[in-house]
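One structure below.
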Amino acid sequence: MIIRKADADTEAGKAPDRELAATMIAYHEEMAKHLKVLDGNGLKPTSTGARVHFQGGKPLVIDGPFAETKELIAGYTLVEAESLEQVLEWAKKWPAECDGGDGLILEVRPVYDIEDFGDAFDDELKAKADGIGLGGARQPA
C-alpha cells in the first residue's frame with residue numbers, strides 16, 4: 001500500500017485542478033501496466049471525520065480536525081506486486097506536482113495476507129472473511 005501523507009492543502013480540503021487530476025490518473029494508468037492496482041482514493045480532511053478512542057473498553061468519539069498533519073493520511077493506492085522494492089520504485093515516480101510545498105511524504109507498507117496469521121484463521125473463518133471482502137482473504141491474481 002502506498003500511503004500519501006496529509007499536508008496543509010489536503011487538510012484544507014483543497015481539490016486538485018484538472019491538470020493535477022489528469023497527472024495522477026496518468027501515473028496510476030502507467031503503474032497499472034506493471035502492478036495490479038487494487039484500489040486507491042483520496043480521503044477528505046480530518047475536519048469531516050472522527051476518531052473512536054477506546055479507554056478501558058469504552059468508546060469515546062472525538063470529532064476532527066486532528067493536529068500534527070504529517071501523521072495523518074490524505075489518501076492511498078493499494079497494489080499487488082512481487083516485492084516491496086517493486087512498489088518503492090513506483091512510489092519514487094509519484095508525480096512531483098503533488099508536493100504542495102510542504103514536502104510530499106509517501107509511506108509504503110505491506111498488507112497482511114490472511115495466511116500470515118497462521119492458525120488464527122481456520123477454513124471456516126477464512127471463508128467468512130472472504131465472504132465479507134476482508135482484504136487479507138483475497139485470492140492472488
Practice item. Apply the test side chain to side chain contact (heavy atoms under 4.5 Å, CB included) to residues V108 and W90: give CA-CA distance (whole Å), side-chain angles for both, the deciding distance (0.1 Å), then the verdict. Key: CA-CA 10 Å; V108 177; W90 280 96; over 6 Å; no
Practice item. For residues L104 and P95, report the shortest heavy-atom separation together with the two atoms involved. Key: CD2-O, 4.4 Å
**Study point:** Steps toward side chain to side chain donor-acceptor pair (under 3.5 Å) verdict (E11, S47)
**Key:** CA-CA 8 Å; E11 275 300 289; S47 61; 5.9 Å; no
Point to revise | Evaluation steps, side chain to side chain contact (heavy atoms under 4.5 Å, CB included), between F66 and E71 | key: CA-CA 10 Å; F66 307 119; E71 299 300 319; over 6 Å; no
Review point. Quick one: do E107 and R109 make a salt bridge, cutoff under 4.0 Å?
Key: yes
**Study point:** Steps toward side chain to side chain contact (heavy atoms under 4.5 Å, CB included) verdict (H34, E89)
**Key:** CA-CA 11 Å; H34 304 276; E89 286 304 311; over 6 Å; no
Practice item. Assign the ring pair F117 / Y112 to parallel, tilted or perpendicular, where the plane angle (0 to 90°) is split at 30° and 60°. Key: tilted
Check your understanding: How many angstroms lie between atom CG of L78 and atom CE of M1, to the nearest 0.5 angstrom?
Key -> 5.0 Å
Check your understanding: Does one side chain, of H28 or E30, offer a donor that lies under 3.5 Å from an acceptor on the other?
Key -> no
Review point. Which heavy atom of F54 sits nearest a heavy atom of V52, and at what distance?
Key: CE1-CG1, 3.5 Å
Review point. Is there a donor-acceptor pair closer than 3.5 Å between any side-chain N or O of D113 and the backbone N or O of D116?
Key: no
Revision key, fill the gap. Rounded to the nearest 0.5 angstrom, the CG-CG distance for D130 and L125 is 12.5 Å
**Study point:** Rounded distance [0.5 Å steps], CD1 in I2 versus CG in L35
**Key:** 7.5 Å
Check your understanding: Got a donor-acceptor contact below 3.5 angstrom from the T77 side chain to the G40 backbone?
Key -> no
Check your understanding: What do you reckon, is CD1 of I25 surrounded by more than 12 foreign heavy atoms closer than 6.0 Å?
Key -> no
Point to revise | Flag side-chain contact, heavy atom, 4.5 Å: P45 against T10 | key: no
Check your understanding: Within a radius of less than 6.0 Å around NZ of K14, do more than 12 heavy atoms belonging to other residues, nucleotides or ligands occur?
Key -> no
Check your understanding: What is the minimum heavy-atom distance between L20 and C98, and which atoms define it?
Key -> CD1-SG, 3.8 Å
Point to revise | Salt bridge E124-K128, side-chain N to carboxylate O under 4.0 Å | key: yes
Practice item. Give a yes or no on whether I62 and L72 share a hydrophobic cluster (residues Ile, Leu, Val, Met, Phe, Trp, Tyr; joining criterion: side-chain heavy atoms under 4.5 Å apart). Key: yes
Check your understanding: How many angstroms lie between atom CD1 of I73 and atom OG1 of T46, to the nearest 0.5 angstrom?
Key -> 11.5 Å
Check your understanding: Quick one: do R4 and D7 make a salt bridge, cutoff under 4.0 Å?
Key -> yes
Check your understanding: Rounded to the nearest 0.5 Å, how far apart are CD of E97 and OG1 of T23?
Key -> 4.5 Å
Check your understanding: Could you give the distance from OH (Y76) to CD1 (I3), rounded to the nearest 0.5 Å?
Key -> 11.0 Å
**Study point:** Sidechain-backbone polar pair: S83 side chain, Q86 backbone, donor-acceptor under 3.5 Å
**Key:** yes
